[in-house]
Amino acid sequence: MTLLQHLNSLVTSAFQQSDIPETYPTLISLSQRPEFGDYQVNGAMQAAKALKINPIALAEKVAAYLSKQPTIQSAQACKPGFINIFIEDQWLTEKLNNLYLSSRCGIKKASSPKTIVIDYSHPNIAKEMAVHHLRSTVIGDSIARLLFFLGHNVIRQNHIGDWGTQFGMLIALLESDEYDYIETPKLSDLENFYKAAKKRFDQDTDFAKKASSYVVKLQSNDPYFIKIWKKIVHISMEQNQQIYHRLNISLTAADVYGESAYNDLLPMIIKLLVKKELLTQHNGAKVVFLEHFKNKENEPMGVILQKSDGGYLYSTTDLAALYYRAHNLDATEIIYCVDARQTQHLEQIFSIAALANFIPKDIVLKHYEFGMMLDATGKPFKTRSGKTIKLSDLLDEAELRSTNILAERHSDLEEADRVKVINALAIGAIKYADLSKNRSSNYVFNWDSMLSFEGNTAPYLLYAYTRIQSIFRKSKHITVQDTDKFSLKETIERKMSLILIRFHDVLNKVEKEGKPHLLCSYLYELASHFMSFYESCPILNTNIDPEQQKSRLMLCDITAKTLKIGLDLLGIQTVDRM
RNA sequence: GUGCCCAUAGCUCAAUCGGAUAGAGCAACGGCCUUCUAAGCCGUAGGUUGCAGGUUCGAUUCCUGCUGGGUGCGCCA
């Protein structure tokens, strides 16, 4: 049981004893001020209001019951009807002991694991990955790591953009006279070819016709076209995989299941919708009209699922993907880590699926939306000349900046360690800057603040971790045994304990909300309290009481483990010295 | 035209289902290295939560209207 779950069970009993019906929530939260205790119960006020009884009298009744519980030192009713809970130190130290003995900081795997499909990253084939792929990739990967750590069956789905009209253009150009067929083009070539193909497609009608006919060939699985297409996809994904490796992203080739994979399912999707009488013929296209969405003329909005020329659209593919995930992957939950601008599109897909009874009703569909990356002026983050920034260029710059920072510090690390530190700082800074902000809003990208050692940044957390490791290196002569006890004499030691014990509740919250910034805030709170502890609670001084010394070493141990696990769930690697 | 999102300290961000005196960091100012990594710590100052109403014991949070910004809306994905 987590700390919050334990308190909740106590308060639930207290509510029962005070004749409060079960339907009223306990509303337990952290207290914001020390005089208000460790945790506070706000549910008594709400219940009193609804039951029309005196709130303070009810709060006193609940508090009286809570005060008798062995794990609670005291509970006090205050003013309108707050109840402030002070936790018993004895119980705290027992909990700490559990954390100390556990390699997972006491976090148990889910007793009834869910099968969760998570759709993230989804780069476009034939183009290099760019900054706009960063948020989906980084946030999605963190959520995937967390859900796996909590014991769920996680199925990563990289829904790559590997299908559609652009491939007709590209193949048409690759085999045209100027370019010939190139055996092993590089991805940067492909991107240039793509631009050239697009230009020609718009200007040359014969070429456009040819390209369109090639799309049909491709979609009908013509072996020659499939061969060229596969090569293009392969070249692209090899390069993307290198980016994933640099970024410490857990996606592999096995997670790739792109738009093309649903090609054969698409006619079936149309048939199913026809059968349900949801499709309408409109100017030759097959359309689903949704009453609760309006178009520009304020009429029900049509979602085109098959074009007048018979071609399918991304809505069709997304419906097929939903079908596949529900029926073939047996998902109990599907998470879409997709740009906030796709909200309406996804709502439409979910609506159509619901109307058509496409998927079991109890499947949970979640859109973990995120905002855009902006520059200092509040505009979308681009190069000076207004071009899209390539992800590989962004990572290069991060490494260059980290190298310079390390050089300024006159770090005396060996070369191999130096490279590791540069990498951890560079990648950690970029990922943490993104993950530490509430994902649903836009965020301002700033090199200097993300690479700073001050404030809520990856370097600060990494530095806190190395300080602990340094203590460990210098304390090898002290043997701590499993039977050693915690002693929480200083205020900061007790405060740190409460934070450490809260870890499991934080992870549960991040799982529930799908918001990694809650984990970041927590880790920063932990790290900054550790820094205070580090300054005010010496460990290696010779005049320290041995019992106190061991207790502090054990606190360091749990702190290090918590930081390590927490950062790992964010996809950020730690280093032992820097 | 219509849908969605956002507006909090000079800047970047928090704020648990409506809870107590709205919190951090940066920047500013003042302290702390013969003592475990000062890439750090301690302190001071900084707010009419865009505006106007409403709901109630209590509103940054919920409702209505307005202002400013972003973003989406039928044959691209």
Side-chain angles (χ1 to χ4, degrees), chain A residues 25 27-33 35-36 40 42-43 45-46 48-49 55 78-82 84 122 124 161 163-166 259 282-287 289 292-298 301-309 311 313-315 317-318 339-345 347-348 369 371-372 374 376 378 380 405-406 408-409 411 425 433 436-438 440-444 446 448-450 452-457 459-460 462-464 466-475 509 513 517-518 521 524-525 528 531-532 534-542 552 556 577-578:
Chain A
L27 301 180
I28 301 172
S29 61
L30 281 170
S31 297
Q32 300 203 354
R33 310 167 72 83
E35 61 267 34
F36 298 154
Q40 64 182 53
N42 298 333
M45 281 181 285
Q46 202 178 88
K49 189 178 188 176
C78 290
K79 286 182 253 172
F82 295 102
N84 298 331
H122 34 251
N124 295 318
W163 209 236
T165 41
Q166 75 266 29
E259 293 170 352
H282 200 265
N283 298 336
K286 292 194 174 71
V287 183
F289 284 97
H292 52 290
F293 293 96
K294 303 290 184 212
N295 67 10
K296 287 173 191 171
E297 280 74 45
N298 207 17
M301 184 183 286
V303 179
I304 298 182
L305 292 171
Q306 193 169 18
K307 295 191 282 184
S308 48
D309 69 359
L313 291 149
Y314 86 137
S315 293
T317 309
D318 281 342
D339 194 302
R341 286 172 291 188
Q342 298 294 327
T343 301
Q344 196 176 51
H345 164 70
E347 281 172 358
Q348 288 168 349
E369 83 285 3
M372 294 182 297
L374 307 177
I405 286 170
L406 211 58
E408 282 169 22
R409 305 296 172 194
S411 171
L425 281 177
S436 60
K437 273 109 191 162
N438 191 334
S440 50
S441 44
N442 294 340
Y443 94 92
V444 177
N446 183 303
D448 292 329
S449 60
M450 75 174 69
S452 167
F453 282 80
E454 293 161 349
N456 187 10
T457 65
Y460 182 87
L462 293 173
Y463 178 55
T466 60
R467 280 184 131 181
I468 302 177
Q469 296 307 315
S470 175
I471 293 174
F472 290 159
R473 282 194 295 273
K474 293 186 176 172
S475 65
K509 182 94 175 167
E513 311 246 332
H517 84 278
L518 298 171
S521 300
Y524 177 59
E525 188 186 347
S528 61
M531 292 291 201
S532 303
Y534 180 92
E535 300 285 340
S536 63
C537 297
I539 296 171
L540 300 177
N541 275 7
T542 44
R552 286 176 179 174
C556 285
R577 53 181 103 209
M578 56 200 281

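Quick note on labels: first sequence line is chain A, next is B, and so on, each numbered from 1.
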Student: Between A:S31 (side chain only) and A:F36 (backbone N and O only), is there a donor and an acceptor less than 3.5 Å apart?
Tutor: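 A pair under 3.5 Å: yes.
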Student: Parallel, tilted or perpendicular: which fits the ring planes of A:H345 and A:Y314, with parallel below 30° and perpendicular above 60°?
Tutor: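 Correct class here is parallel.
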Student: So which protein N/O to nucleotides 57-64 of chain B N/O distances come out below 3.5 Å?
Tutor:
| residue | atom | partner | partner atom | Å |
| --- | --- | --- | --- | --- |
| B:G58 | O6 | A:K49 | NZ | 3.4 |

Student: Between P on B:G69 and CG on A:L374, what's the gap in Å once rounded to a whole number?
Tutor: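 Value for this atom pair: 16 Å.
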Student: If you pin A:C78 and A:R341 to their nearest nucleotides in RNA chain B, which one's is more 5'?
Tutor: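 The residue whose closest nucleotide sits nearer the 5' end is A:C78.
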Student: Pairs counted as Watson-Crick or G-U wobble with both distances under 3.5 Å: what dot-bracket string results for RNA chain B, using | for bases tied to another strand?
Tutor: (((((.(..((((.....[...)))).(((((.......))))).....(((((..]....)))))).)))))....
Student: Can you give one letter per nucleotide of nucleotides 1-14 of chain B, going 5' to 3': B for a protein heavy atom under 4.0 Å from the base, S for sugar-phosphate only, - for none?
Tutor: B----------SSS
Student: Are any of A:K307's side-chain N or O atoms less than 4.0 Å away from OP1 or OP2 of B:G74?
Tutor: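 No, outside the criterion.
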Student: Please name all residues satisfying ring pair (Phe, Tyr, Trp, His ring centres under 6.0 Å) with A:Y460, sequence neighbours left out, ordered by chain then number.
Tutor: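 Ring pair (Phe, Tyr, Trp, His ring centres under 6.0 Å) check on A:Y460 returns A:Y524.
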Student: Can A:F82 be called stacked on B:A20 when the rule is centres closer than 5.5 Å and an angle between planes below 30°?
Tutor: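 Given the distance and angle limits, yes, they stack.
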Student: Could you write nucleotides 28-41 of chain B as a row of B, S and -, 5' to 3', where a protein heavy atom under 4.0 Å of any base atom gives B, of only sugar-phosphate atoms gives S, and otherwise -?
Tutor: -------SBBSBBS
Student: Nearest whole Å is fine: how far is B:G70 C1' from A:E369 CD?
Tutor: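 It works out to 14 Å between those atoms.
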Student: Taking ring pair (Phe, Tyr, Trp, His ring centres under 6.0 Å) as the definition, give me every residue that meets it alongside A:F293, ordered by chain and number, with sequence neighbours left out.
Tutor: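 For A:F293, no residue satisfies ring pair (Phe, Tyr, Trp, His ring centres under 6.0 Å) once neighbours in sequence are set aside.
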